[in-house]
Structure formats: structure tokens, C-alpha cells
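All of these numbers come straight from a predicted model, not from anything done at the bench.
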2 protein chains.
Amino acid sequence: MNRADDRQVQIPEHIRITLVATRHPGNIGASARAMKTMGVRQLALVAPSGFPSAEVTARASGADDILARVRVYENLVDATRDCGYVLGTSARMRNIQWPLINPEQAARQILQQALAGTAVAILFGTERTGLSNEDMELCNAVIEIPTDPEFSSLNLAAAVQIICYELRKAAMEQFAVTQAPVSKMPAATVEQMQLFYQQLEQYLRDIGYYHPGKPRLLMRRLKRIFNRIQPDQSEYNILRGIFADAGKAEKEK
Amino acid sequence: MNRADDRQVQIPEHIRITLVATRHPGNIGASARAMKTMGVRQLALVAPSGFPSAEVTARASGADDILARVRVYENLVDATRDCGYVLGTSARMRNIQWPLINPEQAARQILQQALAGTAVAILFGTERTGLSNEDMELCNAVIEIPTDPEFSSLNLAAAVQIICYELRKAAMEQFAVTQAPVSKMPAATVEQMQLFYQQLEQYLRDIGYYHPGKPRLLMRRLKRIFNRIQPDQSEYNILRGIFADAGKAEKEK
């Protein structure tokens, strides 16, 4: 693409880079800078250390508008409440079987979802340890950034840079060839899915379907299964309907 | 690609990240780290400031072997003397008409050249001002890293990260044909899913959840929803279990 086209490449506003429990303030600043170079604008911080601070501002190197608009949350559920598509990131997956997606594929899907009106959150965990299992449970999929297995210690801002770079590439691609969005309706939000899981859990209690002593493990597996659906609003209503009627039927027994 | 393949992805030794007149020692360390995460090993420095130093080592975060093997040159001609393919990098091209290439295309060409035995140098200019015209004259082409035209101030180590990331992607592409399966277990077969849908339909009849007169339409929508899960065998059993227990409970009423 040429220079003129370049200026028209827009990354949708409601793609939110979400840094979870960042320990080094410099990484927050460097992440803001990384975002801005690629035209990604929304930054959310969950329980950050040392924000705001002079170090954050110094490392942002002029990405001040992003810092000025940062939203800070106490926990990840609050930060993702309105999001319909949530992706974790990892430089190296642990044993847990989570649907993995590479950065390039992820960027395309994120863009399609965002263009359909869905708010998207991309999660980056704490330095060194990454996202917790509890964080992962909110995710529809996990972006695996390819690294050398012998040294996968990717800097936090470097990870943000790679993902935002792929988002820009995807936006340039989309600008060149327009694609049909996955769905014309916005996706179900995290808040809605939380309600659904509560209902599902209640239903499973009602019918007595629980591995004895391991209710949390079962719910985690079910979340992994159902998060893959990424239902839109209408599909969400169907899913809710199924178990709502069952609950009613059970109670009437 | 799976884990085992991953370990065999090798970036050829004679691809040399060449930092020209770097002013901030921290950027040298961060670049070494960025290289190592992607399996790129050869670093050359042309007239660097503050190398070696504690700051370089700190920011390298364990990429010590790369620092130990760094070659330092007085000028760029010396640094590139043995190279057969030299690429400049720029976040935003000036007026100069130089053959431009994007990072993805560049990575593929670099790999091909290197696999054919050619030593390759990838040049990164001074912070703020980038490569000089004199530096450019040594280049076969210039890699343009896409950035937002309104803020193209890419950090030096972030630029190195993007290029090395594309090199790793290109090496993986060259190596692999298949992608990592989501699960190590075989997926549920079509036949199994048919059984699941029969069971689901029976369950929906039992609980009386049907749009009046439109049972087939509902089942079609449900198939569209549940097919997205692509369950493996173990997940399939969980799904079957949920509705089996419900069916039993319903019949016992």
C-alpha cells in the first residue's frame, strides 16, 4: 500500500490492551509507546504497580494521550465486563489445553470482531509468571507468541509491540480487501457469560451432575468448552433459554 | 506445529543484527534479549555508546551469550564487509527512493539467502534519526516497518523485536506444514456429534423448549453453535454427560 492509503488505516477504538498486575512501571510506559506506534489506543491496567509515575511517562516517550485515557481496574472481571471477545497471551504455553491461536490469526479475528461492534480485550499477564489460571478462564482463546523454547523470556512491552504490529498489518490487509464480519450482531459480553455460567452451575447442581469433590474443575472444563462458541447476542439468548427452561422444569419436580 | 518441531526451528547463524551508533546502552541489552527470544544469535555493534556496561547486561535479562559474542566495529563498511545481502530498516521512509520491502517479505528473503550460504546484515540506525544516507547506500533494500504515520517513534529494541519475530515466523513456515492441534486427543467424530444432537433434541422435547412449529430451525441454530466447540473425546463425554443426566432426571419425574 502507498503512503496515502496508510493514513486511512484505522484500528477500531474498542480494542483494549489490558495489562494485568504489571510490576515494573517502565513496562506500562513502553507498552503505551508500542501501542501508539501501531495506532492502537485503548489501554487498561488491572491492579498496576507504580502508576501513575514519572517512570511511566518517561518510557512512554510521547504517547501521553494514551496514558491520559488509561482506565484502571481493581480486578480483571471488572476490566473485561463489557467485552465480548477476550484473548490471553503467552510466550510459552503450560500444560493446560486452551485453544491456541497465533498472533497473525488472532489479529484478523480481533479486527473482525471489533468491526462487528464487539469490545475486545487482549490480556498480558504479570512479568515472569504471566496470566493465572483464573485469568485464563475469562479467555475465549490464548494467543501464543512464538519464541525459542530455550529462551522464551519476552519483555512485556515487546509482547505488546508484536501483537499491536500484527493488528496494524491486519488492518492494512482489511483496508485493501474488505471482508465480511463473522456476525452482524455484537458478541455476548463477559458479564453475560458469567451469568450463563452461574446458571449452568445451578443447573448441574439441580440435576446432580458433579464429579464428587471436584465441582471447580468441572466448571473450568465447561468454561473452556463454552468459551469457544463466542456466541452473539441471539445465540446467547438461546443458550440461556436451554438451561433456564431446564431449571424451571427441575424446580417443578 | 507442535512442541517437538518447535525445538528444531533454527535461524541460520549468519544473520547479523547490526546496530549502528546506538546512543542508549539499555537499547543494546534489550535488543540482545529480543533477538534471543526469537532464536537470532549474531549481534554486531558499530561505534556504540556505553558498551560494555552494567546497563547493557541488566537489560539483556539473561541473553548473556549473545553479549559475549558481540562483534564491535568502528564503521559500517567494516561491519558488513563479508555480507552478501544487506537490509536497512526504517519506521517511516523519507523522500529517498529506495527499494522498500515489508518485514514479512524481508524475513522470507533473508532466510532464503542465509540458507543459500549468504551472510546477511540487518541494519538499525541511531535512536531518533535512524540510518544516514551513507548507511543506506550499502543496502540492497530497506525494510519498512509499518507504523501510524502520526507517531512512528518505534523504540530501537522494539524494531529489532519485530524483525526477529518475523524471522522466526518465516523459519517456522519453512519448517512446518501443520499447526498445533488444540488437543492431544482425537476430536469427536461427525457420527458422535449426530448422536449428541439426537440426545440434545430429545432433551429439548422433554423440557418443552421448542419454538412452536419451528423445531428444525432451532436445531439448525444449535448445531451452528455447538459445532464451533470442536470437542475432543473427553470434552464430548462431558457434553453427553450433561444432557444424559438431565434426560434421566426428566424421565424420573
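The greatest number of non-hydrogen atom pairs below 4.5 Å with chain B, out of Q161(A), M38(A), R33(A), is found for R33(A). Counting heavy-atom pairs closer than 4.5 Å to chain B, the top-ranked of the candidates S153(A), S152(A), A34(A) is S153(A). Residue with the most contacts toward chain B among S234(A), A158(A), A157(A), P146(A): P146(A) (heavy-atom pairs, distance under 4.5 Å). No other option in N102(B), V160(B), I162(B), I11(B) has as many heavy-atom pairs under 4.5 Å with chain A as I162(B).
Both the backbone and the side chain of I229(A) have a heavy atom closer than 4.5 Å to some heavy atom of chain B. For I225(B), the parts lying under 4.5 angstrom from a heavy atom of chain A are both the backbone and the side chain. Using a 4.5 Å cut-off between heavy atoms, I101(A) does not touch chain B at all. If you measure heavy-atom distances from P231(A) to chain B, the contacts under 4.5 Å come from the backbone alone.
Taking each heavy atom of Y165(A) and E104(B) in turn, the nearest pair found is OH-N, 4.3 Å. Residue N237(B) comes nearest to Y209(A) through the heavy atom pair O-OH, 4.4 Å, listed as atom of the first residue, atom of the second, then distance. The shortest heavy-atom contact between I242(B) and I207(A) is O-CD1, 3.6 Å.
Looking at residues two or more places apart in sequence or on another chain, you find no ring pair (Phe, Tyr, Trp, His ring centres under 6.0 Å) involving F151(A).
For residues 61-68 of chain B, the interface with chain A (any heavy-atom pair closer than 4.5 Å) comprises S61(B), G62(B), A63(B), sorted by residue number.
Taking NZ of K169(B) as the reference point, atom CD1 of I145(A) lies at 11.5 Å (rounded to 0.5 Å). The distance from atom CG of N155(A) to atom OG1 of T37(B), rounded to the nearest 0.5 Å, is 9.5 Å.
Using the six-membered ring where Trp is involved, F243(A) and F243(B) have ring planes that are parallel, under 30° apart on the 30 and 60° scheme.
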